[in-house]
Amino acid sequence: MDRKISFIGVGPGDPDLLTIKALKKIESADVIFWADSLIPEKIINLSSLSSEKIKTSGLTLERITSIMIERFNEGKIVIRLHDGDPCLYGAVKEQIEILNQDNIETEVIPGVSAFQVAAAYHQAELTIPEITQTIILSRAEGRTGMPEKESLQDLARHKSSLCLYLSARHIKSSQKTLLEFYPPETKVIVGYRVSWDDGWTEIIELKDMEKFTIEKELIRTTIYIVSPAINCTTNRSNLYSPSYKHLFRNK
Ligand SMILES: C[S@@+](CC[C@H](N)C(=O)[O-])C[C@H]1O[C@@H](n2cnc3c(N)ncnc32)[C@H](O)[C@@H]1O
């Protein structure tokens, strides 16, 4: 049998947003590493009672990977859960590299990311024809520096839909920069612990982003979606227009 360690995206919190593939892996795992600061217990409770559950928030990369290797070599089914989708700010590459160097095969199972769920709650389409056709996923500069060519100024210049992860602590400077490019009334979806039992989302205006963040005492687990497409007057797409013929509708 092809044995692998699976890195699994579990979505932003609500277990109903797990993929069937992720659920099957969770149910059959012997050892589960989970990012406990970002994943609710409800998801861990879907695993077998006998499985070993290891919280990763207090561990180093070296410790996590050495326990993973140990358990895997004992013949156990080992999985690692990440919130949202692992390809976004998941720090999966460094874990995968260490495991692969030890000749352990790995795989990544995708998950639903926080921005998608926050947009869905407001039935927002972030790509409206002639308004914006682009979504930028980024973060404010914090302890993790930003590459020079990806400064918020450079990203905001596009006036596209812009999703900011990991940015609540830096919202003052972010708002100031964004206001250089977007109108102050631009709508922003703010989502806190989206899809958790105590989570919420709200639409505010860009000019109020800092004030709102302070009032709500947002520091962690907050997503911002700044977009001219939110609550805009819709320009209809070509796709369903009677005058637009394409492969699947040529009459
Ligand atoms: C380390 S990053 C991981 C992102 C994750 N991989 C994803 O695809 O959503 C953590 C950040 O993602 C965002 N985030 C994750 N889960 C969230 C949730 N349930 N509600 C709001 N923001 C969330 C927040 O910006 C948080 O600071």
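With rounding to the nearest 0.5 Å, the separation of CD1 in I223 from CD1 in I225 is 6.0 Å. How far CE of M68 is from OG1 of T56: 8.5 Å, rounded to the nearest 0.5 Å. Note that CD1 of I135 and NE2 of H158 are 14.0 Å apart. Values are rounded to the nearest 0.5 Å. Atoms CZ and CD, on R139 and E150 in that order, are 11.5 Å from each other to the nearest 0.5 Å. In this structure, OG in S173 is found 9.0 Å from CD in E210, a value given to the nearest 0.5 Å. We find the CD1-CD1 distance between I204 and I189 to be 10.5 Å, quoted to the nearest 0.5 Å.
Minimum heavy-atom separation, V92 to P86: CG2-O, 3.7 Å. The shortest non-hydrogen separation linking K159 to F181 is CE-O, 2.9 Å.
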Using the rule given for side-chain hydrogen bond (donor to acceptor under 3.5 Å, both in side chains), can you reason through S6 versus E107, listing the C-alpha separation, both sets of side-chain angles and the distance that settles it, and then say yes or no?
CA-CA 5 Å; S6 311; E107 66 176 352; 2.7 Å; yes

Output, in order, the C-alpha distance, side-chain angles, deciding distance and verdict of side-chain contact (heavy atoms from CB on, under 4.5 Å) for L99 and F7.
CA-CA 12 Å; L99 297 172; F7 288 79; 3.7 Å; yes

Please test K187 against E205 for salt bridge (Lys or Arg N to Asp or Glu O under 4.0 Å), starting from the C-alpha separation and ending with a verdict.
CA-CA 5 Å; K187 301 292 180 277; E205 293 190 340; 3.2 Å; yes

Do E52 and R71 pass the salt bridge (Lys or Arg N to Asp or Glu O under 4.0 Å) test, and can you show the C-alpha distance, the side-chain angles, and the key distance before you say yes or no?
CA-CA 10 Å; E52 184 184 9; R71 299 294 190 274; 2.7 Å; yes

Test log, rule salt bridge (Lys or Arg N to Asp or Glu O under 4.0 Å), inputs D198 and R193:
CA-CA 7 Å; D198 61 350; R193 303 235 281 193; 2.8 Å; yes

Step by step, work out the side-chain contact (heavy atoms from CB on, under 4.5 Å) result for S51 and D30.
CA-CA 5 Å; S51 64; D30 299 315; 5.7 Å; no

Please lay out, stage by stage, how R220 and S37 fare under the test side-chain contact (heavy atoms from CB on, under 4.5 Å).
CA-CA 10 Å; R220 305 181 55 239; S37 54; 3.4 Å; yes

For L178 and L162: C-alpha separation, side-chain torsions, deciding distance, then whether side-chain contact (heavy atoms from CB on, under 4.5 Å) applies.
CA-CA 10 Å; L178 293 173; L162 172 63; 3.5 Å; yes

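Between T134 and S160, the side chains place no donor N or O within less than 3.5 Å of an acceptor N or O (distance only, hydrogens not considered).
Only one option out of L137, I136, T177 pairs with L155 in a side chain to side chain contact (heavy atoms under 4.5 Å, CB included); it is I136. Looking at I32, I64, T106 one by one, the single match for side chain to side chain contact (heavy atoms under 4.5 Å, CB included) with R80 turns out to be I64.
Side-chain atoms of S167 do not come within 3.5 Å of backbone N or O of H170 as any donor-acceptor pair. At distances below 3.5 Å, at least one donor-acceptor pair connects side-chain atoms of R3 with backbone N or O atoms of K76. Distance alone, capped at 3.5 Å, places no donor-acceptor pair between the T222 side chain and the L218 backbone. A side-chain donor-acceptor contact under 3.5 Å links Q95 to the backbone of A91.
Connection of I79 to F72 is not established within any shared hydrophobic cluster, with ILVMFWY side chains joined at heavy-atom distances below 4.5 Å, either directly or through further cluster members.
The side-chain tip of K216 points at the ring of W200 from less than 6.0 angstrom away and within 45° of straight on.
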Anything under 3.5 Å between a donor and an acceptor, one on a side chain of residues 108-127, the other on a protein residue two or more places apart or in another chain? List them.
from, atom 1, to, atom 2, distance (Å)
S113, OG, Y165, OH, 2.5
Q116, OE1, S113, N, 2.7
H122, NE2, T201, OG1, 2.7

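In this structure, D14 does not pair ionically with K42, as no charged nitrogen and carboxylate oxygen lie closer than 4.0 Å.
Surrounding CD of E215 are more than 12 heavy atoms belonging to other residues, nucleotides or ligands, all under 6.0 Å away.
Scanning for ring-ring contact (aromatic ring centres under 6.0 Å, His included) contacts around Y182 gives an empty result, with sequence neighbours left out.
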